2 protein chains.
Amino acid sequence: MKNTSKDLTEQEFLNEYDITKFDRPSVTVDILILSIINEDTDNYRKLINKNLNILLIKRLEHPFKGKWALPGGFVKLNESLETTAYRELKEETNVSDVYLEQLYTYGNLNRDPRGRIISSAYMSLIDSKKVTPQAGTDAIETRWFKVYSKVINTKKETTQIGVIELKDHEISLVNDDIVLKSIVRVEKKTIGHQEVTTRRIISNDDLAFDHAEIIQYGIERLRSKIEYTSIVFNLMPELFTLSELQMTYEKILGKELLKANFRRKVAKKVIETSQVTGDNIGHRPAKLFKFNPCWNKD
Amino acid sequence: MKNTSKDLTEQEFLNEYDITKFDRPSVTVDILILSIINEDTDNYRKLINKNLNILLIKRLEHPFKGKWALPGGFVKLNESLETTAYRELKEETNVSDVYLEQLYTYGNLNRDPRGRIISSAYMSLIDSKKVTPQAGTDAIETRWFKVYSKVINTKKETTQIGVIELKDHEISLVNDDIVLKSIVRVEKKTIGHQEVTTRRIISNDDLAFDHAEIIQYGIERLRSKIEYTSIVFNLMPELFTLSELQMTYEKILGKELLKANFRRKVAKKVIETSQVTGDNIGHRPAKLFKFNPCWNKD
DNA sequence: ATAATAGTGTCTGTAAGACACTATAGT
DNA sequence: ACTATAGTGTCTTACAGACACTATTAT
């Protein structure tokens, strides 16, 4: 009998194994870099307005030349996915030691005109104070876009075979004169026992690839995680007022919250410090709080 | 000036673009195929016992020859990740039209001794009645293993810099005489604002690759999703009793629940039918229920 | 006094957890 | 009568939502 793979030791097998003989896709990492950034104020007495922002880069090369895209790049053979994400993050924002989470891996066939490219999407949350607004390598144009997301259309159809529910999310990304609008249709089908959620880009201005879909999913994830984790505090400075924290929640969730209820909800997640805000113009100073790392029960 | 990429149209750029010039990793899909399977009963009057089961295959080739692994395989260039998952699923269990969800994509450098292989893990939930117990292609040995998961060790350390909390999860996979035990350490570090969760295999009998870690993560995900989605019903037949549903919850969560409270909790997710169980030996017959596709509020 | 933010008290309804109770089948 | 499962009622506690109220600052 010939020396088949069954007779080899694992080491012998590995020595003979040539991975490059097989077809392989390319793999990239794309990152949603999100931050809560203060707006310029007009009324001197009012609180500073904040907004959820996302960092995009203008593509200088084909494909999608001139369009805006999530920062990202190819995974090198000596890098884990996470390492790639951290490298990209460092290149674009010059920060490290920030929150980073894998969102989803997109592997559809025609998502990239260059060929078969699978992309693992990550989400990073950055405290606005750590960010140098227009960092990035000189040649690349990077900009922060304010993120607005709202449902502009819903439909619920109940038939004999099941329920189909769709929501069209309008994602607006705004930087001064530039406004990028996309509509992502999120469809939930329940047929028999099966619930399937699909996302599809319906309209898209100047966002490259399937990035509108990735951004919509990231926002949805952030919105749900803000409720049961302490993820928000990655977007906050060391010390903050409860009003600042509330506005951060409101801008992420896209709706206003009642103060008294909000304070009760976050009470266990924060610790009161002895300090108060000093720059109070015409109103009572606010106590400063910090994150309580022991907020979790178990 | 030469004809650089800046002067090309997108089509010209793509025609010249050769993706194979760059280093590429290989990509596989691994699937957690889970089902709730009835046990053989001993006491003729008692309810049939159920258990959460996972389908594993015995590896016939290197690496990890002779060890047990999640079903999976390489992503072909003409397949999306999902298509690959469905293909593998069909090959191993001969079912289609079942619940399938992407879990996480594992991209560490040394997770596969054959080389740089990134794996996207999927979780599939199958109604036990759809499954032919020992399907699979003839040459491959596939078996259902009962899944038991419990925390055997916890440690919580509160220092000045933050909180470190670790839990050792013992995963036992049992098929008759074969018992595969692994311990996966889940560590949550909170330093400053940052919360990082890492998973590491501490001990491992005969599970291949990093599959023990993937299985632990899948169970955790299933446990949390069972609370806020209708994912369980993928594991149930068309009609079921509330006791059957409760036992399914209990086996997934690894703890017993109080009947009255459980019934209140799932009340909105099910619809009562006019039918009852017919094979009642020595006790009151139970009403049969079906899934309510409209259980969700909004 | 005014305009702004900071912060608290209370009522309601809903849901979860614990526990005790009643109902109905076959033997 | 007994054993098993099926199914209900109620008490307590906790929390979320709505809303009204008090407190404190600079001008």
Side-chain angles (χ1 to χ4, degrees), chain A residues 38-39 41-50 223-224 226-228 239-250 253 255-290 295-298, chain B residues 38-39 41-50 223-224 226-228 239-250 253 255-290 295-298:
Chain A
N38 289 340
E39 304 253 290
T41 184
D42 44 346
N43 185 328
Y44 76 108
R45 293 182 81 170
K46 287 210 169 176
L47 273 179
I48 301 166
N49 195 29
K50 298 170 183 294
R223 280 184 179 174
S224 69
I226 207 178
E227 303 285 7
Y228 64 95
L239 298 177
F240 48 84
T241 68
L242 292 185
S243 294
E244 284 171 340
L245 187 61
Q246 181 174 349
M247 190 178 281
T248 302
Y249 267 80
E250 288 174 339
L253 295 175
K255 64 177 180 193
E256 303 210 321
L257 304 172
L258 291 174
K259 192 162 49 167
N261 300 343
F262 176 76
R263 281 161 188 253
R264 265 192 297 273
K265 190 161 78 174
V266 299
K268 278 162 293 179
K269 292 187 181 177
V270 297
I271 302 173
E272 191 178 321
T273 69
S274 55
Q275 299 170 65
V276 291
T277 50
D279 55 342
N280 319 289
I281 312 158
H283 60 264
R284 175 172 169 179
K287 287 175 191 158
L288 288 167
F289 290 79
K290 61 181 180 184
W295 65 280
N296 220 345
K297 305 124 199 182
D298 41 27
Chain B
N38 288 341
E39 304 254 289
T41 184
D42 44 347
N43 184 328
Y44 76 106
R45 293 184 79 171
K46 285 208 168 176
L47 273 179
I48 301 166
N49 195 30
K50 298 170 182 295
R223 280 185 179 173
S224 70
I226 206 178
E227 303 285 7
Y228 65 94
L239 297 177
F240 48 85
T241 68
L242 292 185
S243 294
E244 283 171 340
L245 186 61
Q246 182 174 349
M247 190 179 280
T248 302
Y249 267 80
E250 287 176 339
L253 295 173
K255 67 177 177 192
E256 303 208 324
L257 304 171
L258 291 174
K259 192 163 49 169
N261 300 343
F262 175 77
R263 280 160 187 252
R264 264 194 298 274
K265 191 161 78 175
V266 299
K268 276 162 294 181
K269 292 188 181 177
V270 297
I271 302 173
E272 192 179 318
T273 69
S274 54
Q275 300 170 64
V276 292
T277 49
D279 55 343
N280 320 286
I281 314 161
H283 61 264
R284 176 173 170 178
K287 287 176 191 158
L288 288 168
F289 290 78
K290 61 180 179 182
W295 66 278
N296 220 346
K297 307 123 196 182
D298 42 23

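Chain naming here is simple, since letters A, B, ... match the order of the sequence lines and numbering starts at 1 in each. A quick note: this is a predicted structure, and the numbers were derived from the prediction, not measured.
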Can you sort out the partners of B:Lys287 under salt bridge (charged side-chain N to carboxylate O under 4.0 Å, His left out), two or more places apart, ordered by chain and number? B:Glu272
In Å, rounded to the nearest 0.5 Å, how long is the span from NZ of A:Lys259 to CZ of A:Arg264? 12.5 Å
How does each nucleotide of nucleotides 10-21 of chain D score, in 5' to 3' order, for protein heavy atoms under 4.0 Å: base (B), sugar-phosphate only (S), or none (-)? B----S-BBB--
Indicate whether OP1 or OP2 belonging to C:dA6 is found under 4.0 Å from a side-chain N or O atom of A:Ser243. yes
When the distance from CZ of A:Phe240 to C1' of C:dT5 is rounded to whole Å, what number comes out? 18 Å
Within this structure, what is the CG-to-P distance between A:Asn49 and C:dT5, rounded to whole angstrom? 11 Å
Just the rounded figure in Å: distance from P of D:dG7 to CD of B:Glu244. 11 Å
Could you work out, with side chain to side chain contact (heavy atoms under 4.5 Å, CB included) as the rule, every residue matching A:Thr273, not counting sequence neighbours? A:Leu239, A:Gln275, A:Leu288, A:Lys290
Salt bridge (charged side-chain N to carboxylate O under 4.0 Å, His left out) with B:Glu250: which residues, sequence neighbours excluded? none
Could you please spell out the steps behind the side chain to side chain contact (heavy atoms under 4.5 Å, CB included) verdict for B:Met247 and B:Asn49? CA-CA 8 Å; B:Met247 190 179 280; B:Asn49 195 30; 3.8 Å; yes
Please state how far atom CG in B:Leu245 lies from atom C1' in D:dT5, giving the value in whole angstrom units. 16 Å
Between the protein and nucleotides 25-27 of chain C, are there any N/O to N/O pairs under 3.5 Å, and if so, what are the atom names and distances?
from: C:dA25; atom 1: N3; to: B:Gly282; atom 2: O; distance (Å): 2.9
from: C:dA25; atom 1: N3; to: B:His283; atom 2: N; distance (Å): 3.0
from: C:dG26; atom 1: O4'; to: B:Gly282; atom 2: N; distance (Å): 2.8
from: C:dG26; atom 1: N2; to: B:Arg45; atom 2: NH2; distance (Å): 3.2

Using the ring of A:Trp295 (Phe, Tyr or Trp, six-membered ring only), decide whether A:Lys269 places NZ or CZ under 6.0 Å from its centre and within 45 degrees of its axis. yes
Using whole Å, report how far CZ of A:Arg263 lies from P of C:dT5. 13 Å
Atom pair CG (B:Leu242) and CZ (B:Phe289), whose distance is rounded to the nearest 0.5 Å: 4.0 Å
Considering residues at least two apart in sequence or located in another chain, which fulfil the salt bridge (charged side-chain N to carboxylate O under 4.0 Å, His left out) criterion with B:Lys265? B:Glu227
If I take atom CD1 in residue A:Ile48 and atom C1' in nucleotide C:dA6, what distance separates them, rounded to the nearest angstrom? 16 Å
Look up atom NZ in B:Lys46 and atom NE2 in B:His283, then write down how far apart they are to the nearest 0.5 Å. 12.5 Å
Whole Å only: how far is the NZ atom of B:Lys50 from the P atom of D:dT5? 14 Å
Rounded to whole Å, CD of B:Glu256 lies from C1' of C:dA18 at a distance of 15 Å
